[in-house]
Amino acid sequence: RGSCPCDVLFIGEAPGKDEDRTGMPFIGRAGQLLDRWIEDVTKETKRFTYGITNIVCCIPTETDERTGKVSVRVPTKEEADACRFRLHTTIEHCSPKLIVMLGKTAKKYLKIPKSMGVYNTFELQHPAFVLRKGGANSLEYKKNLIYLKEANENLDG
Ligand code: URA
């Protein structure tokens with residue numbers, strides 16, 4: 001969701017239940033925190049256009065054979081590989097000045113081949129992790145805010 005082309009492209013992990021229901025990335029609690037993060041940064045520095053997507057676009061789930069309970073899990077390498085063409089196409093269309101990898105899964109699976117050109121990338125903690133640490137009042141939130149603010153200030157143009 002968001003703008004394409006954009007100055008900053010945020011890449012998360014995979015849709016959660018809210019995102020799976022609506023087909024929009026980051027619209028649940030983690031997404032609301034991400035929106036607030038972006039809003040807080042732009043209040044303090046210059047505005048930037050942004051898009052938001054995920055490493056994979058289908059919700060990865062597993063079913064407990066004993067109880068039948070379905071839970072959300074981290075995407076596998078095979079799933080990330082299967083979604084890579086879509087992700088690379090999104091990156092090329094958005095042509096961002098900066099790619100922000102949200103969390104470890106994004107960092108692990110975002111592989112940009114040299115043939116696509118050079119993109120600035122950096123990692124922030126995943127908003128769901130920051131939520132678990134206390135959300136917008138946590139030290140993590142403030143740290144990530146500063147990193148994003150600095151990165152935004154260094155965007156050329
Ligand atoms: N977490 C993600 O990584 N992506 C979403 O879209 C929602 C939650």
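Atoms within each ligand, like the ligands themselves, are counted from 1 in listed order. These numbers were taken from a predicted model, which means no experiment stands behind them.
Comment: Asp20 does not engage Lys17 in a salt bridge, judged by the lack of any side-chain N to carboxylate O separation of less than 4.0 angstrom.
Near His126, with a cut-off below 4.0 Å to any heavy atom, the atoms of ligand 1 are 1 (N), 2 (C), 3 (O). Listed by number with element, the atoms of ligand 1 under 4.0 angstrom from any heavy atom of Pro25 are 6 (O).
Residue-to-ligand polar distances place Ala14 within reach of ligand 1: an N/O pair is separated by less than 3.5 Å. At under 3.5 Å, not a single nitrogen or oxygen of Gly12, backbone or side chain, sits near a nitrogen or oxygen of ligand 1.
Proximity of a side-chain donor or acceptor of Glu19 to a complementary backbone N or O of Ile27 within less than 3.5 Å is detected. Listed for the Thr42 side chain is a donor-acceptor partner under 3.5 Å among the backbone atoms of Glu39.
When heavy-atom distances to ligand 1 are checked against a 4.0 Å cut-off, Glu13 comes that close through both its backbone and its side chain.
Relative orientation of the Phe10 and Tyr50 rings is perpendicular, given thresholds of 30° and 60° on the angle between their planes.
Environment of OH in Tyr147: sparse, with no more than 12 heavy atoms of neighbouring residues, nucleotides or ligands closer than 6.0 Å.
The nearest protein atom to atom 4 (N) of ligand 1, hydrogens excluded, is given as Asn54 OD1, 2.8 Å; this is a heavy-atom distance.
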